[in-house]
Amino acid sequence: MQVLFLIGFVVLLDITVVPLPEGLPTDLYLRLSPLNGLVTMLARREILYTTLLPGLATLLITALFGRVFCGWFCPMGTTIDVFERLALRRRRYPLPDPKRLDRTRPIKYVLLTGMLAAALLSFQPAAFLDPISMVHRSYIAVVHGPIHNLAQDARDVAYRPLRARGRRIQPGAAPRVYHLNAVILAMWGTVLGLSAVQKRFWCRHLCPLGALLALVAHLPLLRRRVADGCTHCMRCERDCKMGCIQEKGRSYRSRECILCYNCESICPVDAVSFPLGAGPEPGRDSSHQLGRRRLLGGAAAGVLWMVGVRTSVGHARTAGRSDLPNQLEENTKSPRRIRPPGALPERQFLQTCIRCGECMKVCPTNALQPALGEGGLEGLFTPILVPRIGHCEERCNACSRVCPTGAIQNFRIEEKRDKFILGKASINRSTCRPWYGGKKCSICDEHCSYDAIDTRMIDGAERPVVLEDKCTGCGICERMCPVTPVAAIEVSARDERRPLVDEGLSPLSGFTSQ
Amino acid sequence: MKRATALVGGGALLGVGSLGCGKRSGNGAPQEGAGGSGTRPRVAAATAGSLAYDLVIARKAPAAELVRLAFDQLGGMDKLVRPGQQVCLKPNMAWAREKGSGACTNPDVLGAVIDLILQAGVAAKDIVVFEHTRDAFTTAASFSEIQAVCDARRIALVNGDSQQVYDAQEAPEGTKFLKPFGENEEVASDLMEADVVFNMPVLKQHSATGLSMGMKNLMGAIYNPRRYHGGKDADPDSGSQELDERIVDLTVLLKPKLTLTVLDATFVLREAGPKGDIGTPGDELQTLIVGTDPVAVDSAGAQIFGMAPDKVGHVKAAADRKVGEMDVDKLRASDRLAEIDGPAGPAKGQADADGAAPTDSSDKAG
């Protein structure tokens with residue numbers, strides 16, 4: 001079952017390609033994380049039905065049945081289990097020491113407090129710590145990319161032999177590129193690698209989503225009961241994924257239990273059961289009661305984190321008016337911070353984008369890449385258009401259709417060309433061949449979808465000129481320019497136009513509706 | 001890492017690919033009796049000689065009807081293809097533009113040609129449509145409706161994005177840019193290994209070459225058309241002529257492979273070419289030009305468009321280099337040829353000559 005949910009996750013990720021399947025919620029797993037929804041709504045100070053509703057369902061299920069989400073559904077949790085099964089199968093974990101566990105378990109609540117504090121100050125913290133966001137990003141950049149490329153190579157190799165036998169397959173498509181996959185892998189690898197210390201180390205001590213779910217999971221209907229026949233063999237206590245069984249197997253922590261049913265299945269005398277509704281009270285658990293000092297410390301850490309990250313870009317003041325353009329921000333923005341079409345104005349965008357990477361996965365030209373420094377530290381892993389890799393396809397709105405939070409607003413293809421401007425192209429006359437060498441070249445003109453490049457007779461040769469009013473910054477000119485590696489025509493985020501889409505977010509907007 | 005995998009893949013492909021080809025010429029032959037690589041040029045030459053005309057212009061009918069008319073006049077599809085042969089069609093599907101815009105080959109024309117080939121007894125699996133698109137392949141294929149046309153007939157539409165489906169071809173005699181620098185051209189293997197190749201371009205305005213027709217369409221059958229716009233090792237004296245001359249080079253290279261050029265002028269993009277603006281319908285000329293000589297077809301196309309062929313750089317350059325015949329009147333052309341500069345092709349200066357005025361010959365003379 002747990003594996004089925006992981007397969008479902010992988011399948012949904014896999015079908016996040018153009019053409020998008022109609023009516024399938026490709027971002028379902030992201031929406032089901034209540035933490036994503038909560039911090040995004042806090043940061044935006046807006047109710048976002050798209051993210052609120054499925055997240056509420058998760059909270060409700062958790063309150064009723066316990067943390068089944070963590071035990072069965074969470075792709076990160078399952079990945080950790082699989083990783084432990086495969087890479088750490090020889091590892092013999094020592095018997096968990098409840099006292100030591102209790103010292104580190106509260107970390108996740110402190111992190112949650114920090115996230116909420118940062119979110120209250122209009123900062124999006126999910127990018128770094130939400131496991132659902134992280135696992136999407138990681139699978140896309142670290143797993144999907146190489147597998148896709150390998151599959152395309154296989155197609156290429158098989159193409160001609162099959163053709164010779166009268167069978168035709170499509171040859172390999174262009175390889176996918178994901179910048180920063182090393183950084184993404186490092187974060188993910190740390191989460192997985194911590195399992196060498198304790199089983200599900202991330203889930204036990206660090207996961208803020210788990211902390212949020214633990215808060216509502218005190219008295220679920222499914223509670224662990226131990227029958228009198230228990231021989232106190234300690235197998236369940238030793239093998240518990242979450243280390244939440246104590247007192248020689250007799251009691252457990254309901255907030256920590258993820259309902260994996262491991263203890264039930266391995267019990268040699270079948271003494272463990274999870275009856276619905278009639279179980280005994282779980283054991284005492286106070287690790288979520290942080291106390292004033294830790295609560296304040298967590299909040300302060302969140303604020304410091306937010307301020308520190310913000311300092312890397314030109315925010316005039318962190319508490320400045322976010323609805324007005326800020327001159328320092330305008331002057332210091334990276335010219336290569338080119339956002340996808342439909343992206344919210346930059347401040348709201350940073351508050352809303354959870355850096356899950358869905359837009360990068362779906363982009364048919366592979367143009368969207370995770371940013372390193374282009375958006376400041378706050379913009380780490382946010383999508384930027386890299387024209388030399390790909391352009392923003394004129395008749396495509398795929399990224400806006402898969403965005404789970406509406407950071408890339410859902411728009412219709414017909415309104416794309418008039419509404420959004422990603423930036424403007426400009427020609428470097430000292431490298432452009434018609435300009436410096438008098439060569440005949442109008443590749444940029446040929447490819448421009450918006451008729452924004454004119455080839456004019458200037459000083460005795462035909463030379464390309466950018467028509468500023470028509471250019472949308474899609475980047476196809478830069479991509480196709482024969483001058484390498486730095487194109488003679490380049491797009492910058494100058495004069496970008498990122499209006500709000502009138503309809504706003506409909507409850508189903510991110511679900512793949514046209 | 002990307003480069004490394006590409007190289008490894010390429011190495012593996014060379015081995016496996018040549019193996020596959022060897023098998024095909026050895027084992028595939030008994031099935032149909034023909035198809036070995038040695039016989040291909042002769043097949044093409046023989047069929048061309050048995051045609052009723054070298055050039056046919058069909059006009060004033062719906063697209064599918066035009067195709068039928070043109071191929072009937074040529075002498076029938078049976079003269080061009082035989083069952084068991086591999087057929088490659090190269091339409092212009094560069095852009096995500098709708099049918100009727102004139103930026104891509106009319107899917108109805110393509111569909112009608114495929115239907116005729118199927119009726120001539122060629123199996124669907126032996127027909128392939130190849131294109132190296134400029135916009136993303138999926139959007140270009142779907143907006144142009146060419147994907148739908150191919151799917152309905154179970155024909156493979158091959159995406160030319162992968163460098164590994166191309167083979168480097170040695171530069172033949174008579175090329176200017178390919179030869180002196182030892183450059184090889186990477187051409188689609190589907191095209192090079194086919195027995196019959198129909199180049200199926202669309203007639204349209206083009207910002208770099210004036211017009212885009214048959215010869216220009218061949219740039220969608222190679223891997224790196226970008227290079228055509230003046231590489232760093234290009235002839236420094238050639239200046240603005242380089243693109244035109246390179247298109248001619250490509251024609252010289254591929255002409256032996258081209259059975260026929262089917263130039264679609266049903267809808268003609270008159271401005272903002274080669275892509276055109278969204279929603280701007282093409283000029284409906286209801287014309288189809290079919291011929292064996294790529295230069296002659298392009299020359300006729302230019303005249304249909306309303307331009308003197310020698311004003312189109314690459315057509316003139318091809319004629320100067322004796323790659324083909326620019327003077328259409330010197331060919332065995334269908335009787336409809338006399339009308340080509342009539343109502344179908346109002347020249348730019350004389351667009352008012354809308355009625356039946358087949359007397360104008362200024363374009364042809366020039």
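What you are looking at is a predicted structure, and each value in this text was computed from that prediction instead of being measured. Reminder, nothing fancy here: chain letters follow the sequence lines and each chain counts from 1.
The only option from A/Glu446, A/Glu394, A/His447 that meets the side chain to side chain donor-acceptor pair (under 3.5 Å) definition with B/Lys275 turns out to be A/Glu394. The only option from B/Ile155, B/Val87, B/Val149 that meets the side chain to side chain contact (heavy atoms under 4.5 Å, CB included) definition with B/Val129 turns out to be B/Ile155.
Heavy atoms of A/Arg417 lying under 4.5 Å from chain B belong exclusively to its side chain. Proximity to chain B (any heavy atom under 4.5 Å) is shown, for A/Arg395, by both the backbone and the side chain. With a threshold of 4.5 angstrom between heavy atoms, B/Ser142 does not approach chain A through any atom at all. At a 4.5 Å heavy-atom cutoff, the contact between A/Cys448 and chain B is made by backbone atoms alone. Contacts between A/Ile169 and chain B at a heavy-atom distance below 4.5 Å are absent for every atom of the residue.
With respect to chain B, the highest number of heavy-atom pairs below 4.5 Å among A/Cys396, A/Pro434, A/Pro171 belongs to A/Pro171. Comparing B/Val128, B/Thr209, B/Asn159, B/Asp190 by how many heavy-atom pairs each has under 4.5 Å with chain A, the most go to B/Asp190. Ranked by heavy-atom pairs under 4.5 Å with chain A, the list B/Thr138, B/Leu157, B/Thr139, B/Asp161 is led by B/Thr139. Interface summary for chain B: among A/Gly166, A/Ala461, A/Cys481, the most heavy-atom pairs under 4.5 angstrom belong to A/Cys481. Ranked by non-hydrogen atom pairs under 4.5 Å with chain B, the options A/Ala174, A/Ser449, A/Pro364 are led by A/Ser449.
A/Glu478 and A/Glu490 get closest at one heavy-atom pair: OE1-CA, 3.4 Å.
Between A/Trp188 and A/Tyr139, the distance from one ring center to the other falls under 6.0 angstrom.
Between the side chains of B/Asn217 and B/Lys90, at least one donor-acceptor pair of N or O atoms lies under 3.5 Å. A donor-acceptor contact closer than 3.5 angstrom is absent between the side chains of B/Asp135 and B/Thr133.
Under the rule for a ring pair (Phe, Tyr, Trp, His ring centres under 6.0 Å), the partners of B/His132 that lie at least two apart in sequence or sit in another chain are B/Tyr166, B/Tyr223.
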